[in-house]
Amino acid sequence: MRLLNGKWIGLALLSGLVLAPGVGLAQGAQSPYDTIYVVKSDAKMRVAIETNSAVKATLSKGTEGVVMRWCRNEFNFRDWAYGSLSKRRSMLKNRVCEVQAAGKIGFVEAKYLDLM
């Protein structure tokens with residue numbers, strides 16, 4: 001890729017999505033890992049991905065600035081980037097994610113997170 005007259009020209013490979021020359025992502029398109037979250041109800045932060053693992057901390061409802069590091073199951077980038085807000089919220093329901101929040105890193109069920 002190269003910059004020509006203020007626009008990137010060339011091919012870009014983004015999570016399996018190939019963009020043709022002169023074609024860009026929709027304005028505001030981002031991955032779930034480039035999104036900041038808020039805790040929508042008290043959530044247990046665990047030491048491992050298993051939902052029965054030891055509790056490391058509790059994130060209180062309203063905790064802001066939660067950064068998602070990775071999740072299982074992985075997100076489909078295209079569905080996230082171009083999906084509606086309700087679609088994105090729906091995608092959070094069945095995942096456990098490693099997050100960084102309140103100075104700690106641990107695993108949280110993503111159903112307790114909401115987009116800021």
Side-chain angles (χ1 to χ4, degrees):
M1 290 189 57
R2 60 189 167 108
L3 189 62
L4 180 66
N5 295 331
K7 293 185 180 182
W8 287 102
I9 307 289
L11 292 176
L13 181 61
L14 299 172
S15 299
L17 175 66
V18 177
L19 302 177
V23 176
L25 291 174
Q27 185 173 1
Q30 59 188 7
S31 85
Y33 307 114
D34 294 328
T35 303
I36 303 298
Y37 299 87
V38 62
V39 178
K40 64 182 183 179
S41 63
D42 291 353
K44 295 176 182 173
M45 179 184 278
R46 299 188 179 274
V47 298
I49 199 166
E50 294 80 18
T51 55
N52 62 349
S53 65
V55 175
K56 184 176 203 173
T58 299
L59 299 178
S60 300
K61 177 181 179 178
T63 300
E64 296 181 346
V66 178
V67 176
M68 189 178 288
R69 297 164 55 106
W70 61 272
C71 298
R72 290 294 178 262
N73 297 325
E74 284 292 335
F75 290 90
N76 177 298
F77 175 80
R78 181 180 293 160
D79 289 348
W80 182 272
Y82 299 105
S84 66
L85 184 57
S86 63
K87 171 78 172 175
R88 290 179 182 186
R89 285 183 171 136
S90 176
M91 291 175 75
L92 292 171
K93 290 182 181 174
N94 298 313
R95 289 174 168 78
V96 176
C97 303
E98 184 183 65
V99 299
Q100 182 172 349
K104 295 177 174 56
I105 295 174
F107 294 89
V108 172
E109 291 180 70
K111 67 183 179 183
Y112 296 111
L113 304 177
D114 200 2
L115 298 102
M116 290 188 69

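Heavy-atom basis, side chains included; hydrogens, waters and symmetry copies ignored.
Between Ser53 and Ala48, the shortest heavy-atom contact is OG-O, 3.1 Å. Of all the heavy atoms in Trp80 and Thr35, the pair that sits closest is NE1-OG1, 3.9 Å. Closest approach of Lys111 to Lys40, counting heavy atoms only: O-CE, 2.7 Å.
Side-chain contact between Val38 and Leu113 is absent, with no heavy-atom pair separated by less than 4.5 Å. Between Val39 and Val66 the shortest side-chain heavy-atom distance falls below 4.5 Å. Contact annotation: the side chain of Arg46 never approaches that of Val108 to less than 4.5 Å [non-hydrogen atoms, C-beta and beyond]. In this structure the side chain of Leu92 reaches within 4.5 angstrom of the side chain of Tyr37, judged on heavy atoms. Arg95 has its side chain out of reach of Arg72: every pair of non-hydrogen atoms, C-beta onward, lies at least 4.5 Å apart. Taking the side chain as every heavy atom from C-beta outward, Phe75 and Met68 approach each other to under 4.5 Å.
With Ser60 contributing its side chain and Thr63 its backbone, the two residues share no donor-acceptor pair below 3.5 Å. Under a 3.5 Å cut-off, the side chain of Arg78 and the backbone N or O of Gly83 do not form any donor-acceptor pair.
Taken to the nearest 0.5 Å, the CZ atom of Arg89 stands 8.0 Å off from the OG atom of Ser86. Atom CD1 of Ile49 is separated from atom SG of Cys71 by 8.0 Å, given to the nearest 0.5 angstrom.
For the pair Arg69 and Tyr33, the NZ or CZ position fails the cation-pi test of under 6.0 Å to the six-membered ring centre and within 45 degrees of the ring normal.
Linking Ile, Leu, Val, Met, Phe, Trp and Tyr residues whenever their side-chain heavy atoms come within less than 4.5 Å places Val99 and Leu115 in a single cluster. There is no path of hydrophobic side-chain contacts, each under 4.5 Å, that joins Leu59 to Val55.
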inquiry  = Applying side chain to side chain contact (heavy atoms under 4.5 Å, CB included) to Lys104 and Met45, what does each step give before you reach the verdict?
reply    = CA-CA 9 Å; Lys104 295 177 174 56; Met45 179 184 278; 3.8 Å; yes

request  = In sequence, state the C-alpha distance, the side-chain angles, and the governing distance for Asp79 and Met91, and then conclude on side chain to side chain contact (heavy atoms under 4.5 Å, CB included).
outcome  = CA-CA 9 Å; Asp79 289 348; Met91 291 175 75; 4.0 Å; yes

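For Lys44, the NZ atom counts as loosely surrounded, since its 6.0 Å shell holds 12 or fewer non-hydrogen atoms of other residues, nucleotides or ligands. Around CG of Asn94, the count of heavy atoms belonging to other residues, nucleotides or ligands within 6.0 Å does not exceed 12.
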